[in-house]
Enquirer: 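So that we are looking at the same thing, I have put the structure below in structure tokens.
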Amino acid sequence: MKRNRAVYEQRFHVRHTEIAIGYPEGSVSIACGNLSKSCMQKLMNELVYDGYSATGSVQEDTIYLHEPDPMMCLPDSLKEMIQAKMESMNYEVKFLS
């Protein structure tokens, strides 16, 4: 029974991350602190799949969205989408911008 409780607590442990969104020319950059590359890849895939951009890439601690949709990538809507996706992965997000 102890093992099951430990697994349950580990599975639902909330992690924390800090995210800063930038808008370099022709793209959107999402700098992520304390996220694994697989989590960043998953977030990037979700953003591309949902139509926020045509393509994307992950480099070190930053996600780049290339050819972003200007209406969908407004700061508030992008933050809302990232917040929802990260909460589904048990992350609490603090936006730095």
Side-chain angles (χ1 to χ4, degrees):
M1 201 63 170
K2 259 188 172 180
R3 184 180 183 283
N4 289 340
R5 183 175 176 189
V7 170
Y8 177 83
E9 287 175 356
Q10 181 181 11
R11 185 173 186 186
F12 295 103
H13 175 72
V14 176
R15 298 175 198 100
H16 301 275
T17 186
E18 295 178 341
I19 293 180
I21 300 173
Y23 293 90
E25 189 175 321
S27 65
V28 175
S29 68
I30 304 168
C32 307
N34 302 329
L35 273 185
S36 67
K37 189 161 184 148
S38 63
C39 283
M40 289 193 301
Q41 188 71 40
K42 186 175 181 180
L43 177 60
M44 188 265 311
N45 288 340
E46 291 284 341
L47 291 169
V48 170
Y49 179 78
D50 289 346
Y52 283 80
S53 72
T55 60
S57 63
V58 175
Q59 298 174 3
E60 294 185 24
D61 64 344
T62 305
I63 298 169
Y64 292 98
L65 301 177
H66 309 290
E67 301 174 37
D69 182 318
M71 296 307 292
M72 291 182 78
C73 287
L74 295 172
D76 290 337
S77 63
L78 194 56
K79 284 180 183 179
E80 187 176 304
M81 169 63 162
I82 291 170
Q83 180 92 31
K85 294 297 178 187
M86 295 309 296
E87 283 178 359
S88 72
M89 293 188 279
N90 293 332
Y91 277 91
E92 187 175 295
V93 179
K94 177 182 177 185
F95 289 100
L96 301 177
S97 50

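Because only heavy atoms are used, hydrogens play no part in the values below, and waters and symmetry mates are left out as well, while side chains stay in.
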Enquirer: Please enumerate all residues that pass side-chain contact (heavy atoms from CB on, under 4.5 Å) together with E87, with sequence neighbours excluded.
Expert: Q83
Enquirer: Only counting residues at least two apart or in another chain, list the ones meeting side-chain hydrogen bond (donor to acceptor under 3.5 Å, both in side chains) with K85.
Expert: E46
Enquirer: Would you call P75 and I21 a side-chain contact if the rule is heavy atoms closer than 4.5 Å?
Expert: no
Enquirer: To the nearest 0.5 Å, how far apart are CZ in R15 and CG in L35?
Expert: 9.5 Å
Enquirer: Got a second to check how far M86's CE is from K42's NZ, nearest 0.5 Å?
Expert: 9.5 Å
Enquirer: Once side-chain contact (heavy atoms from CB on, under 4.5 Å) is applied, do any residues pair with A31, and if so which ones, sequence neighbours excluded?
Expert: A20, T62
Enquirer: As an exercise, state the distance from OH of Y91 to CD of E18, rounded to the nearest 0.5 Å.
Expert: 13.0 Å
Enquirer: Which pairs of donor and acceptor atoms, one on a side chain in residues 47-56, lie under 3.5 Å apart (sequence neighbours left out)?
Expert:
unit_1 : atom_1 : unit_2 : atom_2 : d
S53    : OG     : T55    : O      : 2.9

Enquirer: Among all residues two or more places apart in sequence or in another chain, which pass the side-chain hydrogen bond (donor to acceptor under 3.5 Å, both in side chains) test with E80?
Expert: none
Enquirer: Report, one line per pair, each donor and acceptor closer than 3.5 Å where one atom sits in a side chain of residues 65-73; sequence neighbours left out.
Expert:
unit_1 : atom_1 : unit_2 : atom_2 : d
H66    : NE2    : S57    : OG     : 3.1
D69    : OD1    : M71    : N      : 2.9
D69    : OD1    : M72    : N      : 3.3

Enquirer: How long is the gap from OG1 on T17 to NZ on K94, to the nearest 0.5 Å?
Expert: 11.5 Å
Enquirer: Roughly how far apart are I30 CD1 and L43 CG, rounded to 0.5 Å?
Expert: 6.0 Å
Enquirer: Measuring from atom CG of D76 to atom CZ of F95, what distance do you get when rounded to the nearest 0.5 angstrom?
Expert: 10.0 Å
Enquirer: Could you note down all residue pairs passing side-chain hydrogen bond (donor to acceptor under 3.5 Å, both in side chains) where residues 22-36 supplies at least one of them, sequence neighbours left out?
Expert: S36-S38
